[in-house]
A.B. asks: 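Sharing a structure, written as structure tokens. Questions coming.
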2 protein chains.
Amino acid sequence: MTVIFSKKCELGLQAVLYLSAFPKNTLFSALEISEKINAPKEFVSKILQTLTSSGIVGSKKGNSGGFYLKIDPGSVRLIDVVSAIDGLDLFRNCVLGFPGCSVDEPCPVHESWGKLRNETYTMLSNQTLAELRDITVNKINSLKK
Amino acid sequence: MTVIFSKKCELGLQAVLYLSAFPKNTLFSALEISEKINAPKEFVSKILQTLTSSGIVGSKKGNSGGFYLKIDPGSVRLIDVVSAIDGLDLFRNCVLGFPGCSVDEPCPVHESWGKLRNETYTMLSNQTLAELRDITVNKINSLKK
DNA sequence: CAAAAATAAGACTAAATTTTCTTATTTGCA
DNA sequence: TGCAAATAAGAAAATTTAGTCTTATTTTTG
Ligand code: SF4
Ligand code: SF4
């Protein structure tokens with residue numbers, strides 16, 4: 001079970017974090033990336049297609065083609081990836097599933113969850129790929145035994 | 001799309017919050033509850049069965065039977081309901097989906113997310129149904145036009 | 001005692017998500 | 001030019017989650 005993001009989004013974040021550990025425009029095939037993050041190649045490829053159409057990564061067809069980070073790692077925020085894959089409904093919907101959030105009719109946890117929700121959003125908006133580079137490298141290297 | 005909890009869990013929380021607005025042991029049929037929270041009757045019934053077996057609500061069969069809150073609203077925490085339905089993996093798994101969280105190999109957002117995760121857990125552990133009574137009543141009354 | 005109304009239980013169906021497969025197209029290189 | 005390797009695109013399969021239906025059992029009430 002995922003925590004907040006869909007599987008697609010989790011893997012999208014992982015893939016993009018991986019790409020950001022290398023100089024911009026460095027090509028990696030979907031296969032290479034999928035091996036690094038232990039995910040099905042075709043699934044990774046499909047997710048990166050989504051990120052390609054939203055402009056975060058670029059792709060190159062043909063022999064020796066692959067995917068690459070199109071934007072400078074210092075300019076890509078985690079929220080940009082989340083937004084491209086899962087969208088931002090997460091930050092609009094009620095955590096209890098009640099419809100119609102408003103100041104007059106808030107849900108029972110409006111106050112406490114609203115605060116946490118904003119902090120989560122802020123966290124994802126402040127963190128760029130560049131800032132996470134070292135820790136990402138460490139984590140990904142530990143994965144493949 | 002749900003925010004964090006499954007649909008079952010959202011509706012379970014809604015149902016229990018609704019029950020907590022009335023004196024303990026007040027019976028409501030699955031139909032009544034489902035109408036209040038605008039959810040399929042059979043689905044609500046099934047969710048309440050789960051909560052019955054975990055002891056939070058009680059059920060009474062037969063004519064004029066129904067479900068009722070078995071524990072004092074002041075003693076039921078939101079986390080108890082979440083735990084009974086979705087479990088607590090949410091608070092154990094990595095938000096980025098990386099396996100093997102540890103201090104040596106944390107995921108890139110370990111520090112910031114770990115903090116938010118703990119705050120979320122604390123929030124759900126501190127809030128009891130009783131404390132949310134007034135705001136719950138207001139919210140639920142606003143639902144059915 | 002019989003009928004009605006309710007939950008319990010579990011099989012079943014439907015929908016959404018995740019994963020795989022297949023085909024087409026592009027590109028580099030011998 | 002023709003083959004190999006790669007993405008693109010989308011169909012199809014598998015899995016998970018959500019929701020429905022059916023049957024059995026319980027309980028109240030006339
Ligand atoms: S902020 Fe609170 S009331 Fe508003 S939708 Fe979120 S959880 Fe519900
Ligand atoms: S605390 Fe951080 S590293 Fe650990 S599992 Fe959660 S998100 Fe991943």
Side-chain angles (χ1 to χ4, degrees), chain A residues 1-16 19 25-35 37-70 82 85-87 89-90 93 97, chain B residues 1-16 19 25-35 37-70 82 85-87 89-90 93 97:
Chain A
M1 191 185 54
T2 61
V3 174
I4 298 187
F5 308 127
S6 69
K7 204 81 197 170
K8 272 183 198 168
C9 194
E10 285 185 356
L11 293 178
L13 284 162
Q14 290 186 23
V16 163
L19 289 178
N25 294 327
T26 309
L27 274 173
F28 289 93
S29 74
L31 179 64
E32 282 176 289
I33 298 169
S34 71
E35 283 172 346
I37 64 177
N38 295 311
K41 176 197 146 199
E42 302 292 349
F43 199 30
V44 168
S45 160
K46 179 165 274 191
I47 293 165
L48 288 178
Q49 282 168 39
T50 303
L51 291 176
T52 298
S53 65
S54 71
I56 295 172
V57 310
S59 69
K60 185 168 172 253
K61 282 191 178 182
N63 193 340
S64 78
F67 295 94
Y68 59 95
L69 200 61
K70 205 171 179 180
V82 172
I85 299 178
D86 274 355
D89 278 354
L90 167 64
N93 295 152
Chain B
M1 192 186 50
T2 61
V3 174
I4 297 188
F5 308 125
S6 69
K7 204 80 196 168
K8 272 184 197 166
C9 192
E10 285 185 355
L11 293 177
L13 284 162
Q14 290 186 23
V16 163
L19 289 178
N25 294 328
T26 309
L27 274 173
F28 289 93
S29 74
L31 179 64
E32 281 175 289
I33 298 169
S34 71
E35 282 172 347
I37 64 177
N38 295 312
K41 176 197 146 199
E42 301 292 350
F43 199 30
V44 169
S45 163
K46 179 166 272 189
I47 294 165
L48 289 178
Q49 282 169 40
T50 302
L51 292 176
T52 298
S53 66
S54 71
I56 296 172
V57 309
S59 69
K60 184 167 172 255
K61 282 191 178 181
N63 193 342
S64 79
F67 294 94
Y68 58 94
L69 200 62
K70 204 172 180 180
V82 171
I85 299 177
D86 274 355
D89 278 353
L90 167 64
N93 296 153

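A note on names: the letters A, B, ... follow the listed sequences, proteins ahead of strands, and every chain is numbered from 1.
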A.B. asks: Using atom CG of A/Leu31 as one end and atom P of D/dA6 as the other, report the distance to the nearest whole Å.
C.D. replies: 7 Å
A.B. asks: Nearest whole angstrom, please: distance from the C1' of D/dA18 to the CD of B/Glu10.
C.D. replies: 12 Å
A.B. asks: With rounding to the nearest 0.5 angstrom, report the NZ to CD1 distance, A/Lys7 to A/Ile85.
C.D. replies: 13.0 Å
A.B. asks: Considering only heavy atoms from C-beta outward, does the side chain of B/Leu13 approach that of B/Cys9 to under 4.5 Å?
C.D. replies: yes
A.B. asks: What nucleic acid atoms does B/Gly62 come within less than 4.0 Å of, heavy atoms only: base, sugar-phosphate, or nothing?
C.D. replies: base
A.B. asks: Given D/dC21, D/dA9, D/dA18, identify the nucleotide with an atom nearest to the side chain of A/Gln49.
C.D. replies: D/dA9
A.B. asks: Working to the nearest 0.5 angstrom, can you tell me the gap between B/Leu51 CG and B/Lys46 NZ?
C.D. replies: 14.0 Å
A.B. asks: Indicate, with a heavy-atom threshold strictly under 4.0 Å, whether B/Ser45 touches base, sugar-phosphate, or nothing.
C.D. replies: nothing
A.B. asks: B/Ile37 has an atom CD1; how far is it from atom P of D/dA18, in whole Å?
C.D. replies: 14 Å
A.B. asks: Which is the 5'-most and which the 3'-most nucleotide of DNA chain C that has an atom under 4.0 Å from a heavy atom of chain A?
C.D. replies: C/dT18 to C/dG28
A.B. asks: For the CG atom of B/Leu19 and the CD1 atom of B/Ile56, what is their distance to the nearest 0.5 Å?
C.D. replies: 11.0 Å
A.B. asks: Using whole Å, report how far NZ of B/Lys41 lies from P of D/dT22.
C.D. replies: 12 Å
A.B. asks: How many Å lie between CG on A/Leu48 and C1' on D/dA9, as a whole number?
C.D. replies: 15 Å
A.B. asks: Is B/Asp86 close to B/Phe5 at the side-chain level, that is, under 4.5 Å between some pair of heavy atoms?
C.D. replies: yes
A.B. asks: Would you classify A/Lys46 as touching base, sugar-phosphate or nothing, given that sugar-phosphate means primed atoms plus P, OP1 and OP2, and contacts are heavy atoms under 4.0 Å?
C.D. replies: base
A.B. asks: Determine, step by step, whether A/Phe28 and A/Ile33 satisfy the side-chain contact (heavy atoms from CB on, under 4.5 Å) criterion, reporting the C-alpha distance in whole Å, the side-chain angles of both residues, the deciding distance to 0.1 Å, and the verdict.
C.D. replies: CA-CA 7 Å; A/Phe28 289 93; A/Ile33 298 169; 3.7 Å; yes
A.B. asks: Counting only non-hydrogen atoms, which of residues 51-59 of chain B are less than 4.0 Å from DNA chain D?
C.D. replies: none
A.B. asks: Measure from CD on A/Glu42 to C1' on D/dA5 and round the result to the nearest Å.
C.D. replies: 13 Å
A.B. asks: Looking at the side chain of B/Lys7, which of D/dT22, D/dG19, D/dA5 is the nearest nucleotide?
C.D. replies: D/dG19
A.B. asks: What distance separates A/Ser64 OG from A/Leu27 CG, expressed to the nearest 0.5 Å?
C.D. replies: 7.5 Å
A.B. asks: Out of curiosity, A/Lys41 NZ to A/Glu35 CD, how far, rounded to the nearest 0.5 Å?
C.D. replies: 10.0 Å
A.B. asks: With heavy-atom distances below 4.5 Å as the criterion, would you say the side chains of B/Lys8 and B/Phe43 are in contact?
C.D. replies: yes
A.B. asks: Return the value, rounded to whole Å, for the distance between atom OH of A/Tyr68 and atom P of D/dA6.
C.D. replies: 17 Å
